[in-house]
Amino acid sequence: MFLKTTDTSFTDNSKEANAQNAFVYSQQNERYIEDAKKSGCTQFIPSSELKNHIDLSNIKIVGITGTNGKTTTAAAIYSLLLDLGYKVALQGTRGFFINDERVEEYSLTTPVQLTNFAHILEAIHHGCRYFVMEVSSHAIEQKRIEGLEFALKIHTNITRDHLDYHKTIEEYIQVKNSFFEDDTPKLINKDDKVVKYNVKNGYAYSLDEPSTYKVQAYSFKEGMSVMLQYFEQTATFESNMMGIFNVYNLTAAVAAVHILTQKPLQSICNEIENFAGVSGRMQTVSENPLVIIDFAHTPDGMKKVLESFAHKEIICVFGAGGDRDREKRPLMGHIAELYSKHIIVTSDNPRFEDPDIIIEDILKGIKNQNNTIVEINRKEAIKKAIAMADEKSVVLVLGKGDESTQIIYDQKLPFSDKQVIEEILQLNV
Ligand SMILES: CC(=O)N[C@H]1[C@@H](OP(=O)(O)OP(=O)(O)OC[C@H]2O[C@@H](n3ccc(=O)[nH]c3=O)[C@H](O)[C@@H]2O)O[C@H](CO)[C@@H](O)[C@@H]1O[C@H](C)C(=O)N[C@@H](C)C(=O)N[C@H](CCC(=O)O)C(=O)O
Ligand SMILES: Nc1ncnc2c1ncn2[C@@H]1O[C@H](COP(=O)(O)OP(=O)(O)OP(=O)(O)O)[C@@H](O)[C@H]1O
Ligand SMILES: N[C@H](CCC[C@H](N)C(=O)O)C(=O)O
Ligand SMILES: [Mg+2]
C-alpha cells in the first residue's frame, strides 16, 4: 500500500520502496526491510510511530469489534450521525463510504494500516467529524489499527469465528478483548459473559444485566419498539428491523451516538426509524412466499436469525466458507436442525476447498437427516427451497448476505442470493 501526504510518501511494500519514500514496517513486513534498503530506501518508520508523521487529530474515530453485529451497528451509527447533520465516514465489510457516497467497494473489513490512514485523511479532507470503522480480529492481531486514537470503542459480542486463523477460541477471545484494555472510552454489551475490559471510561448497554443504557422493554409487532433507560431518563425507539440481536445493535448505536454527541437521547432515538438496516442482513426479498437473505455464517449468528422465526416453519438454505474455520460447520448444522423444518445444505464460498467435504463437515452436526437435502449448486438449492415453501414457511438463505460473487478457487464468479431468488420468483424489481 502506498500513501502520499504533502511532505512525505509512505509504503508498506518493499517492492514500492525507493530513495524517495519511507518504508513503514511492522511484524507483518519487517522481513522485507533488507529488500527495501536494496531498493535505495533510507527512511524506515515503525508502524507504531506513523501517527507522529501523519496528523489524524481532526476527526473522531469510532471502532466496533465483535463476532457479529459490526456491520449492522456501524451502519446504524453512520445513519444516525448523518441524520443528525454531521459529516461522517464509514469503513467496513461493505466498503468505504463518505457522507452517504460509496467511495470504495469492499476490500477488507478492516484494511491495512496505511489504507486506514489514507481513508481517515480522505474523510478529514471531506470535512468529516466522525470516522466509523469495523475492527476485525485479524486487524487487531495484525496491528492494522496501530496508531489510531479512538474516541469510542464498541463491543457487540464475542462468540466464535475465524478459528482457522486464531487456532483456538481462547486466542480469538484474547485478541478481541485486547481492543478494550486501554483507557479509551468504551461501550460494552454487558450481557456478553466473555468480554473482559478496562472499566475506566466504560459505558455499558444490555437487555438483561444492569447497565448505563438498559433496555427496559421491547416488543415485535410491525418491526420493533424499544424502551431504553439511561439513569433517570427513559427514551423509546421504533424500527422496521427484526430480531432480538438487532435490539442489541440499535441500542448500541443509540448509546454510541449519545456518548459521542451528547445530543438529547430521545432526539437520537427519533432518527432510528430512518435506518432501514443493511442490505443482506435480515433482508426480505419476497413476502409471499416469505424469502429472507442474511449474512449469518457463524453458529451464533445463525441461532440469532433462526430463533427470530419461531412462529414460522423454517426452510434453511446454507453452507460454509472454504478456507475458513472448519469446526464451526457441524455446529452450524446442529443449530439448523434445532430450528428448521427443512434444511438444504449447499455451497457458500468454497474457495480452494472441495465443496463436498465442506458439506460433509456440516452434515456431521445434523443427527436426523430425514428433512435434510444436499444440493451442491447454490442456485438449485434456493430453487428447491422456494418450491417447498407455503404460507406457513419462511425460506432463510444464509451466509452470503449481499455478497455479489461466489468464490471458487481464486475466481470470484458473479453470484447474488437476492438476484437468484428474484429470477426464480420472476419478481419485477
Ligand atoms: C489471512 C490474512 O489476513 N492475510 C493478510 C496478510 O496476508 P500475508 O501475510 O500473506 O501478506 P503478504 O502478502 O505476505 O504481505 C505482508 C506484508 O509484507 C509486505 N510485503 C510483501 C511482499 C514483499 O515482497 N514485500 C513486502 O514488503 C506487504 O506489503 C504486507 O505489508 O497481510 C496482507 C497485507 O497486509 C492482507 O492483505 C492479507 O489479508 C488477506 C487478503 C485476507 O483475505 N484477509 C482476510 C482473512 C481478513 O483479513 N478478513 C478480516 C475479517 C473478515 C470478516 O470477518 O469480515 C478482514 O478484516 O477483512
Ligand atoms: N448482535 C448480534 N448478535 C448475534 N448475531 C448477529 C448480531 N447482529 C447480526 N447478527 C447476525 O450476524 C450476521 C452478520 O451481521 P453483521 O454483518 O452486522 O456482522 P459482522 O460482525 O460485521 O460480521 P463479519 O465479521 O462477517 O463482517 C447477520 O446477518 C445476523 O445473522
Ligand atoms: N467476509 C468474511 C465473511 C464471509 C462469510 C461467508 N460467505 C464465507 O465465505 O465464509 C470472511 O471473509 O470471512
Ligand atoms: Mg462486517
Side-chain angles (χ1 to χ4, degrees), residues 1-2 11-17 23-36 38-39 41 47 64-76 90-95 106-116 133-145 154-159 161-162 164-166 176 189 191-192 205 207 241-253 277-283 292-308 318 321 323-325 351 396-403 407 410:
M1 169 59 193
F2 184 83
T11 180
D12 64 5
N13 195 322
S14 60
K15 292 180 197 137
E16 295 171 343
F23 185 69
V24 181
Y25 64 91
S26 68
Q27 68 193 37
Q28 283 295 100
N29 64 352
E30 57 193 356
R31 62 188 182 278
Y32 297 106
I33 286 178
E34 288 312 311
D35 290 353
K38 285 183 195 133
S39 308
C41 186
S47 62
I64 297 109
T65 199
T67 304
N68 286 310
K70 299 187 295 298
T71 296
T72 306
T73 304
L90 170 68
Q91 176 186 273
T93 306
R94 300 190 56 251
Y106 161 77
S107 61
L108 289 168
T109 289
T110 312
V112 297
Q113 185 193 35
L114 277 178
T115 304
N116 289 325
M133 63 185 283
E134 293 181 53
V135 176
S136 64
S137 53
H138 293 72
I140 299 168
E141 200 273 339
Q142 293 176 21
K143 307 270 187 253
R144 299 179 195 169
I145 56 172
I154 301 164
H155 152 258
T156 58
N157 48 68
I158 301 174
T159 54
D161 199 359
H162 303 308
D164 57 308
Y165 181 77
H166 296 292
K176 287 284 191 187
N189 171 0
D191 293 343
D192 179 335
Y205 67 104
L207 273 63
M241 293 174 73
M242 295 178 281
I244 292 177
F245 60 90
N246 277 322
V247 177
Y248 279 100
N249 294 335
L250 296 181
T251 300
V278 179
S279 59
R281 277 82 177 159
M282 291 290 261
Q283 181 176 358
I292 290 173
I293 58 175
D294 186 77
F295 197 45
H297 53 277
T298 66
D300 187 54
M302 280 184 72
K303 179 173 180 294
K304 295 299 191 301
V305 175
L306 292 168
E307 66 188 7
S308 307
F318 74 104
D323 300 333
R324 293 292 186 270
D325 177 13
R351 298 186 181 91
L396 295 176
V397 182
L398 306 182
K400 290 178 66 49
D402 64 334
E403 291 181 354
I407 307 168
D410 58 355

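First listed ligand is number 1; within each ligand, the first listed atom is number 1. Heavy-atom basis, side chains included; hydrogens, waters and symmetry copies ignored. Position 1 is the first residue of the sequence, and the numbers go up from there.
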Tell me which protein heavy atom sits closest to [atom], plus the residue, atom name and distance to 0.1 Å.
atom: atom 52 (C) of ligand 1; result: Thr109 OG1, 3.7 Å
atom: atom 5 (C) of ligand 1; result: Gln142 OE1, 3.7 Å
atom: atom 28 (C) of ligand 1; result: Asp12 O, 3.7 Å
atom: atom 11 (O) of ligand 1; result: Gln28 NE2, 4.9 Å
atom: atom 45 (C) of ligand 1; result: Leu108 CD2, 4.0 Å
atom: atom 25 (N) of ligand 1; result: Ser14 OG, 2.9 Å

Would you check, one step at a time, whether the test side chain to side chain donor-acceptor pair (under 3.5 Å) holds for Arg94 with Ser279? CA-CA 9 Å; Arg94 300 190 56 251; Ser279 59; 2.9 Å; yes
Nearest heavy-atom pair of Thr251 and Val247: which atoms, and what distance? OG1-O, 2.7 Å
Residues that Asp161 engages under side chain to side chain donor-acceptor pair (under 3.5 Å), provided they are two or more places apart: none
Subset of ligand 1 atoms that lie under 4.0 Å from at least one heavy atom of Val112: 34 (C), 35 (O)
Taking only heavy atoms of Arg31 into account, list the atoms of ligand 1 that are under 4.0 Å away from them. 14 (O)
Any heavy atom of [X] closer to ligand 1 than 4.0 angstrom?
X: Lys70; value: no
X: Met1; value: no
X: Glu134; value: no

Ligand 2 N/O to protein N/O, distances under 3.5 Å:
unit_1, atom_1, unit_2, atom_2, d
ligand 2, 1 (N), Asn157, ND2, 3.4
ligand 2, 1 (N), Asn249, OD1, 2.9
ligand 2, 3 (N), Asn157, ND2, 3.2
ligand 2, 8 (N), Asn249, ND2, 2.9
ligand 2, 12 (O), Asn68, OD1, 3.4
ligand 2, 17 (O), Arg281, NE, 2.8
ligand 2, 17 (O), Arg281, NH2, 3.2
ligand 2, 18 (O), Thr71, N, 3.4
ligand 2, 18 (O), Thr72, N, 2.9
ligand 2, 18 (O), Thr72, OG1, 2.7
ligand 2, 19 (O), Gly69, N, 2.8
ligand 2, 21 (O), Thr67, O, 3.4
ligand 2, 21 (O), Gly69, N, 3.2
ligand 2, 21 (O), Lys70, N, 3.0
ligand 2, 21 (O), Lys70, NZ, 2.7
ligand 2, 22 (O), Thr71, N, 2.8
ligand 2, 22 (O), Thr71, OG1, 2.7
ligand 2, 22 (O), Glu134, OE1, 3.1
ligand 2, 25 (O), Lys70, NZ, 2.5
ligand 2, 26 (O), His297, NE2, 3.0
ligand 2, 27 (O), Thr93, OG1, 2.9
ligand 2, 29 (O), Asp294, OD1, 2.8
ligand 2, 29 (O), Asp294, OD2, 2.6
ligand 2, 29 (O), Phe295, N, 3.1
ligand 2, 29 (O), Ala296, N, 3.3
ligand 2, 31 (O), Asp294, OD2, 2.3

What lies under 2.8 Å from the Mg ion (ligand 4), restricted to protein N/O/S atoms, is Thr71 OG1, Thr93 OG1, Glu134 OE1
Between Asn116 and Ile145 (side chain of the first, backbone of the second, donor and acceptor by atom type, cut-off under 3.5 Å), is there such a pair? no
List the residues meeting side-chain contact (heavy atoms from CB on, under 4.5 Å) with Ala36, not counting sequence neighbours, and say none if there are none.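 Ser14, Ala17, Phe23, Cys41, Phe44.
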